[in-house]
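Every number for a ligand or one of its atoms is a count from 1 in the order of the listing.
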Amino acid sequence: MKRFSKIIGTGGYLPETIRTNDDISKLVDTSDGWIFERTGIRNRHIAAADETSASMAEIAAKKAIEMAGIEAGEIDLIIVATGTPDRVYPSTACLLQQRLGIQNCVAFDIQAACSGAIFAMSIADQYIKNGAADKVLIVGSEICSRLVDWNDRGTCILFGDGAGAVLLDSSEEAGILSTHIHSDGEYENLLYCPNPQAATDKNQAEKGVITMRGNEVFKMAVNTLGRIVDETLTANNMEKTDIDWLIPHQANTRIIAATARKLKMSMDQVIVTLENQGNTSSASVLLALNEGIRSHQIQRGHVILLEAFGAGFTWGSALIKY
Ligand code: COA
């Protein structure tokens, strides 16, 4: 009997404090008009001083568990995608496991920058398909505001904090139809965030902040996401018209629009959360998925294409029948 990974719950959390474009224009030479026109972003949420990736993950995860109507103890595997782990170790997934009061499941983090949630889905789907797990909790939780140089107008306008969660269960019905993930370490220098604690003498002076050549990243993202759309449709022998919803990584509205155009989809078929959340890295597609499902836009039976692109470069997609 074929096993699929079926979505049984989603959750999201956004910190209370909102930083507007006008707030940022008091820090660097920019304007609400420039930021919105070039990125589609107006607001982003900023974690409070006592919040962490694990604390935000806990809130998002509990909402997904509640929607699924299961007990936390039924979860077999927790995968957390984050670029801002609370500690170098234990993993944020282990910290989340403890917060959820689960004694006996497997928990680990993955690091694939903004593509983290798609990578986690791909891993979870392998575990479920081969029978190693039934219920898998995936969380993307990020405090990007602590990695941003608030004096760099090329990056500080883009990012926000938040956590998204999805709970998968084994099912005879589809489910995740396919996942496609890729990495190419050639592009390290276009988008990176140094870890000062691990610095060698050579790069000792580097600050632990996001460093990006935005224009080059933009072009790579548009081209790469176009290719992953083709790869996903071909692998499933599907046409563009078979897709009901596009859930893109929320980095820049112009990148999102280019992928929608490629799919000949109207923006009404695209879940966009970017305007009020900014780029929340690995949390972004999970937050958008949660919004699409909880607003009842996405209905059972709809086919959803999730895609993401991030530092590495890493990129990937997941085609899902909800
Ligand atoms: N406000 C005002 N002007 C700004 C600015 C800001 N916040 N940031 C950059 N500029 C200026 C630049 O200094 C440059 O000025 P110059 O022409 O006098 O040198 C001009 O705007 C154009 O810069 P450029 O970097 O080419 O702008 P852009 O149209 O590419 O927009 C980004 C910049 C960052 C918004 C855009 O490149 C982007 O979104 N890239 C993708 C980033 C991304 O998605 N990263 C995460 C991937 S997961």
Would you indicate whether the side-chain heavy atoms of [Y] and [X] approach each other to under 4.5 Å?
X    : Y    : answer
D32  : R42  : yes
V136 : I128 : yes
L168 : I7   : yes
T92  : Q97  : no

Below 4.0 Å, non-hydrogen atoms only: which portion of [X] touches ligand 1? Side chain, backbone, both or neither.
X    : result
T30  : both
T155 : neither
T39  : side chain

Distance-only N or O hit between ligand 1 and R153, under 3.5 Å: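 Yes; the residue has a nitrogen or oxygen that sits under 3.5 Å from a nitrogen or oxygen of the ligand.
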
[X] heavy atoms, cut-off 4.0 Å: which ligand 1 atoms fall inside?
X    : answer
F309 : 48 (S)
N279 : 46 (C), 48 (S)
G154 : 34 (C)

Identity and distance of the protein heavy atom lying nearest [atom]:
atom                    : result
atom 30 (O) of ligand 1 : N215 ND2, 2.9 Å
atom 31 (O) of ligand 1 : W34 CH2, 3.7 Å
atom 40 (N) of ligand 1 : G214 O, 3.0 Å

Salt bridge (Lys or Arg N to Asp or Glu O under 4.0 Å) partners of D244, counting only residues at least two apart: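 Expected list: none.
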
Cationic N near anionic O, under 4.0 Å, D169 to K135: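 Yes, charged N to carboxylate O under 4.0 Å.
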
Electrostatic pair D149-K207, nearest N-O below 4.0 angstrom: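 Here D149 pairs with K207 in a salt bridge, since their nearest N and O are under 4.0 Å apart.
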
Heavy atom of I157, distance to ligand 1 below 4.0 Å: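 The answer is yes: ligand 1 sits under 4.0 Å from a heavy atom of I157.
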
Parallel, tilted or perpendicular: ring planes of F313 versus Y187, cut at 30 and 60 degrees: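 Judged by the thresholds at 30° and 60°, the geometry between F313 and Y187 is parallel.
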
Sub-4.0 Å protein heavy atom near atom 19 (O) of ligand 1: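 So atom 19 (O) of ligand 1 lacks protein heavy-atom neighbours under 4.0 Å.
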
Verify atom 8 (N) of ligand 1: protein non-hydrogen atom under 4.0 angstrom away: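 Answer yes: something from the protein, a heavy atom, is under 4.0 Å.
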
